[in-house]
Amino acid sequence: MEHSDSGGRLSQLKAFDDTKAGVKGLVDAGIATVPPIFRHPPDPHAASASATTTLDADAIPVVDLGRPDPDQLVGLLRAAAETVGFFQVVNHGVPAELLAETLAAVRSFNEEPAEARRPYYTRDPARRVRYHSNFDLFQSPAANWRDTLFLEMPAPPEEMPPPCRAVVPEYTRQLRGLGARLLELLSEALGLHAGYLERDAGCLDGMVLACHYYPPCPEPHLTMGTTRHSDPSFLTVLLQDGAGGLQVLHAGRWADVPPRPGALVVNVGDLLQLISNDRFKSVEHRVVAMSPAAARVSVACFFRTTGAAASTRAYGPIAVATDENEPPLPRYRSVTVAEFLAHYRDKGLDGRSALGRFSLLPSPSSGPSSNCKQTN
């Protein structure tokens, strides 16, 4: 639904969208102040998060996938998925040169003249390649200072922007291998056979890349790069450059996730929290706006079902016993990925949890975990 046209907001949103140049177009035009449509109210966690802190080494684990002991790896990922919901992986097998080339390709596309970007600008969900600013531009309370190139893989290379055609298919091939490894370990962490999440549950049946570009902002304190949210995926693997800005809501405060050279950031998505019946946690995170001197590039790979199966395959909590007890009662009803995404897109990033819509618990106040309240 669209917001009312109070103060000409709707007209401002349409005028911005009609430029098909994104936030980068505003920066290229030399804008010196943040337009009203991008201004965010104070964050409700501001009192506890006013002094954001760099996470200590134990808060978001760094998991070495080259460890020779598979049982130890399973234990490390279980602990991360059940508590923090985030971890970084090193020795993951994706070549460092490919990581750098992927970031460079995304940056190159976004820093081309607006005339080169406009042919890709669309809000048509049927397009496998979509460039636009804010998927929820007309739904969210305030727009984010961010442009995004969405690539639903496998996308035909000829439909991609030229800078991405050579590198993105190889990057997604490598990410698929990493995703299979992670899902194997997480399956065992749930007490299931190694192939459950990938093959039985179909968590690797689709991949969507969200290639984000966060332009420099003249007044970063007035807006956000990405509003607080959790991800509509089973698993997300994030490649980020060295600019920083990613924050996780941890122990009641926003905490920085500093870029680690060569590492990939992994987080549990809403759909994995749902099918694990809250054993794994999908945690709120956000990106602060970049200073006037810097831009930020990141590539989020969402593992989630795409195509016809997104509308036909239903996912519900897995009945897994814990500590030799009977399986707990399901906390969510079954849902298709298409239904989940429709709700997520309709409401936008508005401070409410997408998971709450599908909860079987008596009331929102008794939601599945403190980590998934008011996430999106």
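Bear in mind that the values here come from a model prediction, so they are computed numbers and not experimental data. Counting from 1, the numbers follow the sequence of the chain as shown.
- Distance alone, capped at 3.5 Å, is enough to place a donor-acceptor pair between the Arg130 side chain and the Arg127 backbone.
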Take Arg333 and Glu339 through the test salt bridge (charged side-chain N to carboxylate O under 4.0 Å, His left out) and record every step on the way to the result. CA-CA 12 Å; Arg333 70 171 176 84; Glu339 183 183 6; 2.6 Å; yes
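- Seen from the ring of Tyr344, Lys347 counts as a face-on cation partner, given the 6.0 Å and 45° thresholds.
- The shortest distance between side-chain heavy atoms of Cys211 and Leu151 falls below 4.5 Å.
- Using cut-offs of 30° and 60° for the angle between ring planes, the Tyr196 and His193 rings count as perpendicular.
- In this structure, the ring of Phe280 has its center no less than 6.0 angstrom from the ring center of Phe234.
- Tyr315 places a side-chain N or O within 3.5 Å of a backbone atom of Ala201 that can act as its donor or acceptor partner.
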Side-chain polar contacts of residues 84-101 - donor-acceptor pairs under 3.5 angstrom, sequence neighbours left out - could you list them?
{"from": "Asn91", "atom 1": "ND2", "to": "Asp64", "atom 2": "OD1", "distance (Å)": "2.8"}
{"from": "Asn91", "atom 1": "ND2", "to": "Asp64", "atom 2": "OD2", "distance (Å)": "3.3"}
{"from": "His92", "atom 1": "ND1", "to": "Val94", "atom 2": "N", "distance (Å)": "3.1"}
{"from": "His92", "atom 1": "NE2", "to": "Gly262", "atom 2": "O", "distance (Å)": "2.7"}

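- A donor-acceptor pair shorter than 3.5 Å cannot be found between the side chains of Thr305 and Asp205.
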Is there a salt bridge (charged side-chain N to carboxylate O under 4.0 Å, His left out) between Glu158 and Arg165? Walk through the geometry before answering. CA-CA 7 Å; Glu158 64 273 14; Arg165 290 174 185 172; over 6 Å; no
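- The closest donor-acceptor contact from the side chain of Ser133 to the backbone of Asp147 lies at 3.5 Å or more, if one exists at all.
- In this structure, Asp17 contributes its side chain and Leu13 its backbone to no donor-acceptor pair below 3.5 Å.
- Paired with Tyr213 under the rule side-chain hydrogen bond (donor to acceptor under 3.5 Å, both in side chains), one option of Arg107, Arg146, Glu111, Arg296 passes, and it is Glu111.
- Glu82 and Arg279 are joined by a salt bridge, as a carboxylate oxygen and a charged side-chain nitrogen come within less than 4.0 angstrom of each other.
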Please test Arg117 against Glu112 for salt bridge (charged side-chain N to carboxylate O under 4.0 Å, His left out), starting from the C-alpha separation and ending with a verdict. CA-CA 7 Å; Arg117 303 194 309 271; Glu112 288 183 333; over 6 Å; no
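- In this structure a side-chain-to-backbone donor-acceptor pair under 3.5 Å is missing from Ser108 to Pro163.
- Checked against the 6.0 Å centroid criterion, the rings of Phe150 and His132 qualify as a close aromatic pair.
- Side chains of Thr148 and His212: a donor on one and an acceptor on the other come within 3.5 Å.
- In terms of modelled atom types and a separation under 3.5 Å, the side chain of Arg78 and the main chain of Leu185 share no donor-acceptor contact.
- Of the charged side-chain nitrogens involved, at least one lies within less than 4.0 Å of a carboxylate oxygen, so that Arg331 and Asp278 count as a salt-bridged pair.
- Classified by interplanar angle (parallel below 30°, tilted 30° to 60°, perpendicular above 60°), the ring pair His229/His285 is tilted.
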